[in-house]
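First comes the structure, then the notes that go with it.
Computed from a prediction, not measured in an experiment: that's the story for all the values here.
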Amino acid sequence: MRITTTAFLGLSVIVLAILIYLADHKPVSGKLAAERANVLLRFEPESIERIEVEKGTAKTSLVKKAGLWFFSEPEQDRVDASLIASLLDTVNHLSIMDRINPEEAGQDLAQLGLTGDSALKVTFSGAGETGPVSETVTLGSAAPRANSLYARREGKESGIFVVDGNLRPWLENPLETLRDRRILGAPIEAIVQVVLRQAKGKMALQRKITPPRQDWAIVEPLNVWADREALDKLLTELGGLKIEEVVSGGSAAEEIPNPLPENSAVLQLQIYGIEQPLTLYLKQVEAKDGELPLIEVRVSDRPSVYRLKSDFLTKLPGNANDIRDRTLARIPMEYLDSIIIQSHIDPTVILKSDRDGDNVRWDVRIGVKLEPANSAAVFALINSVNEAAIIDFTSDSVKNLAEFGLNPPARQVTFNLLFPGPPLADGSPGQVQEMTRVLNLGWREGDEQRLFANFAGEPYVYELDPTFVNAI
């Protein structure tokens with residue numbers, strides 16, 4: 001008797017648990033979920049992998065690949081991710097305002113716009129967590145109530161309804177309304193290399209966005225740091241270009257002219273994580289007084305030719321100096337070990353750092369002894385070098401340094417740096433790497449108002465503000 005009672009109680013607990021589970025876990029998709037919410041359709045947006053829109057004989061298909069949406073027919077192109085997300089959300093919230101029986105209302109399906117060339121048949125399909133998803137609706141004419149239309153749910157649970165919401169503006173011409181209008185689909189933060197070709201020449205820049213990070217540098221035709229702010233501004237402009245017109249019959253496969261015409265440019269972009277570089281060809285096709293130039297754009301990962309109005313081409317650097325870093329140096333203070341200052345007139349000054357964790361003390365060598373130095377003055381010296389503005393890129397050759405008073409230099413500042421080496425296999429610190437940068441300063445005889453600088457071993461001569469020498 002006790003065993004029977006215990007078994008009965010156990011079974012009751014299981015049944016009760018199942019009922020509680022079913023009551024607490026309401027369906028989130030499907031017919032039952034739609035009925036509970038009183039909406040036309042209910043599905044999980046992330047489960048949708050394909051959308052087909054049919055109007056008369058025209059058919060437009062959209063597919064999701066690797067989390068991104070694309071048109072697959074009648075042409076292939078990118079879909080605007082934010083618009084498709086809004087569309088799926090709107091579909092999920094088409095509240096049913098009324099149920100229609102056409103016969104009782106004295107209307108046929110054609111009068112409601114649910115058949116014929118104006119009807120929009122839309123199918124949403126994909127692989128949901130509980131099985132395949134496939135929902136089809138036909139969108140008809142606008143209903144008398146504001147922002148409502150007639151809709152028919154197809155399939156076993158068919159019906160004709162008046163729904164609150166109008167999807168027709170989105171779907172009448174999906175290629176026009178849902179196309180990704182951004183010329184550049186990748187985020188500008190992921191661009192790691194830029195090759196720019198114009199009629200006047202070519203330049204290449206690169207950076208590293210993974211540890212150890214490296215800022216933008218020009219690697220062709222020079223090998224120097226780039227102006228980070230100028231390049232970020234240029235890429236932001238590029239990322240902001242938006243399609244205004246699709247050229248009828250245009251093809252992105254058309255060969256890029258060589259040599260390039262004036263008022264045109266080719267940008268080849270390497271995106272981090274994507275093996276194939278992206279190529280953009282931009283050319284000006286029209287310029288009217290008082291208006292932005294009309295630009296035609298072709299992109300290697302898109303099928304069409306696009307047009308927009310922008311002065312982007314006029315903002316491209318004409319040569320490497322236009323986008324070159326105009327600060328003298330980037331001496332990393334945290335790795336600086338010693339500084340040696342020499343000149344024709346003054347005695348040599350030797351400064352040595354003494355590090356204790358994050359704390360740094362500077363000493364100055366007087367004779368054979370090290371005495372505490374004014375650390376604030378040392379930091380001011382380093383900052384002055386790092387922040388010194390280059391007035392002019394005077395020469396990219398050191399064949400005649402004497403012409404600039406740099407052979408021998410009037411003053412010389414040597415920065416000795418110690419960088420931690422890569423860790424060994426057992427995790428212990430690797431061998432310390434030494435680096436020395438020697439800054440030479442000079443001026444032409446009798447013309448001390450023009451100060452020139454060069455780093456030993458580098459082929460560049462810069463002109464600086466003549467008052468900079470007072471900081472050394």
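A donor-acceptor pair under 3.5 Å is formed between the side chain of Asn386 and the backbone N or O of Ile331. Side-chain atoms of Arg179 do not come within 3.5 Å of backbone N or O of Pro174 as any donor-acceptor pair. Using modelled atom types, no side-chain atom of Asp311 and backbone atom of Thr314 make a donor-acceptor pair closer than 3.5 Å. With Gln198 contributing its side chain and Pro317 its backbone, the two residues share a donor-acceptor pair below 3.5 Å. Side-chain atoms of Arg99 never come within 3.5 Å of backbone atoms of Phe161 as a donor-acceptor pair (strictly under, hydrogens ignored). Of the possible donor and acceptor atoms, none in the side chain of Arg213 sits under 3.5 Å from a partner among the backbone N and O of Lys208. Using modelled atom types, no side-chain atom of Asp356 and backbone atom of Asn359 make a donor-acceptor pair closer than 3.5 Å. The backbone N or O of Ile48 lies less than 3.5 Å from a partner atom in the side chain of Lys64, making a donor-acceptor pair.
Applying side-chain contact (heavy atoms from CB on, under 4.5 Å) to Tyr150 and the options Thr138, Asp98, Val162, Leu109 leaves one that passes, Val162. Remark: of the listed residues Asp215, Thr327, Ile323, Asp215 is the sole one forming a side-chain contact (heavy atoms from CB on, under 4.5 Å) with Arg228. Here the options are Leu238, Leu196, Asp322, the test is side-chain contact (heavy atoms from CB on, under 4.5 Å), and the partner is Leu316; only Leu196 passes.
By the neighbour-count criterion of 12 heavy atoms within 6.0 Å, atom CG of Asp89 is densely surrounded, having more than that number from other residues, nucleotides or ligands. Within 6.0 Å of CD on Glu334 lie more than 12 heavy atoms contributed by other residues, nucleotides or ligands. Counted within 6.0 Å of CZ on Phe455, heavy atoms from surrounding residues, nucleotides or ligands total more than 12; the atom is thus considered enclosed.
Within the structure, ring-ring contact (aromatic ring centres under 6.0 Å, His included) pairs that include any residue of residues 286-316 do not occur (at least two apart or interchain). Listed by first and then second residue, the ring-ring contact (aromatic ring centres under 6.0 Å, His included) pairs involving residues 115-135 are Phe43-Phe124 (not counting sequence neighbours).
Within the 4.5 Å cutoff, the side chain of Leu269 has heavy atoms near those of the Leu184 side chain. You'll find the side chain of Gln268 stays beyond 4.5 Å of the side chain of Leu278, heavy atoms only. Residues Thr90 and Leu167 have side chains in contact (heavy-atom distance under 4.5 Å, counting atoms from C-beta outward). Residues Ile271 and Val192 fail the side-chain proximity criterion, which asks for heavy atoms closer than 4.5 Å. Counting only heavy atoms from C-beta outward, the side chains of Asn223 and Tyr460 approach each other to under 4.5 Å. Within the 4.5 Å cutoff, the side chain of Arg78 has no heavy atoms near those of the Phe71 side chain. The side-chain heavy atoms of Leu120 and Glu54, taken from C-beta on, include no pair separated by under 4.5 Å. You'll find the side chain of Ser304 reaches within 4.5 Å of the side chain of Glu75, heavy atoms only.
Shown here for Ile218 and Ala226, the closest heavy-atom pair between the two residues is CG1-CB, 3.9 Å. For Leu328 against Phe468, the heavy-atom pair with the smallest separation is CD2-CZ, 4.1 Å. Between Leu260 and Ala199, the shortest heavy-atom distance links the atoms O-CB, 3.5 Å. Taking every heavy atom of both residues into account, Pro45 and Leu88 meet most closely at O-CD1, 3.9 Å. Taking all atoms of both residues into account, the shortest heavy-atom contact from Val63 to Arg50 is CG1-NH1, 3.0 Å. Minimum interatomic distance between Arg298 and Val305 (heavy atoms only, all atoms of both residues): CG-CG2, 3.7 Å.
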Original post:
Going through the distances and angles, do Arg324 and Asp396 end up as a salt bridge (charged side-chain N to carboxylate O under 4.0 Å, His left out)?
Top reply: CA-CA 13 Å; Arg324 199 166 165 180; Asp396 293 330; 3.3 Å; yes
**OP:** Decide salt bridge (charged side-chain N to carboxylate O under 4.0 Å, His left out) for Glu176 and Arg181; before the verdict, give the C-alpha distance in whole Å, the side-chain angles of both, and the deciding distance to 0.1 Å.
**Re:** CA-CA 10 Å; Glu176 177 68 23; Arg181 294 279 162 179; 3.2 Å; yes
Subject >> Derivation and outcome, salt bridge (charged side-chain N to carboxylate O under 4.0 Å, His left out), residues Glu244 and Lys309 >> reply: CA-CA 8 Å; Glu244 297 175 13; Lys309 288 187 176 182; over 6 Å; no
Subject >> Step-by-step side chain to side chain contact (heavy atoms under 4.5 Å, CB included) determination, Thr394 to Tyr462 >> reply: CA-CA 5 Å; Thr394 307; Tyr462 314 107; 5.6 Å; no
**OP:** Evaluate the salt bridge (charged side-chain N to carboxylate O under 4.0 Å, His left out) criterion for residues Glu296 and Arg307: first the C-alpha distance (whole Å), next the side-chain angles of each, then the deciding distance (0.1 Å), finally the verdict.
**Re:** CA-CA 4 Å; Glu296 198 166 270; Arg307 286 186 175 181; 2.8 Å; yes
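A salt bridge links Glu237 to Lys315: one of the charged nitrogens lies within less than 4.0 Å of a carboxylate oxygen. In summary, Arg152 and Glu154 engage in a salt bridge, as defined by a charged side-chain N under 4.0 Å from a carboxylate O. Here Arg437 pairs with Glu458 in a salt bridge; the nearest charged N to carboxylate O distance falls below 4.0 Å. Here Arg302 does not pair with Asp180 in a salt bridge; the nearest charged N to carboxylate O distance is not below 4.0 Å.
Considering CZ of Arg153 and CG of Leu40, their distance stands at 6.0 Å, rounded to 0.5 Å. If you take CG on Asn166 and OG on Ser148, they are separated by 8.0 Å, rounding to the nearest 0.5 Å.
A cation-pi contact, defined as under 6.0 Å to the ring centre and within 45° of the axis, links Arg330 to Trp225. In this structure, Arg207 fails the cation-pi test against Tyr272, since its NZ or CZ atom is not both closer than 6.0 Å to the six-membered ring centre and inside 45 degrees of the ring normal.
Remark: the Thr136 side chain and the Thr123 side chain contain an N/O donor-acceptor pair separated by less than 3.5 Å.
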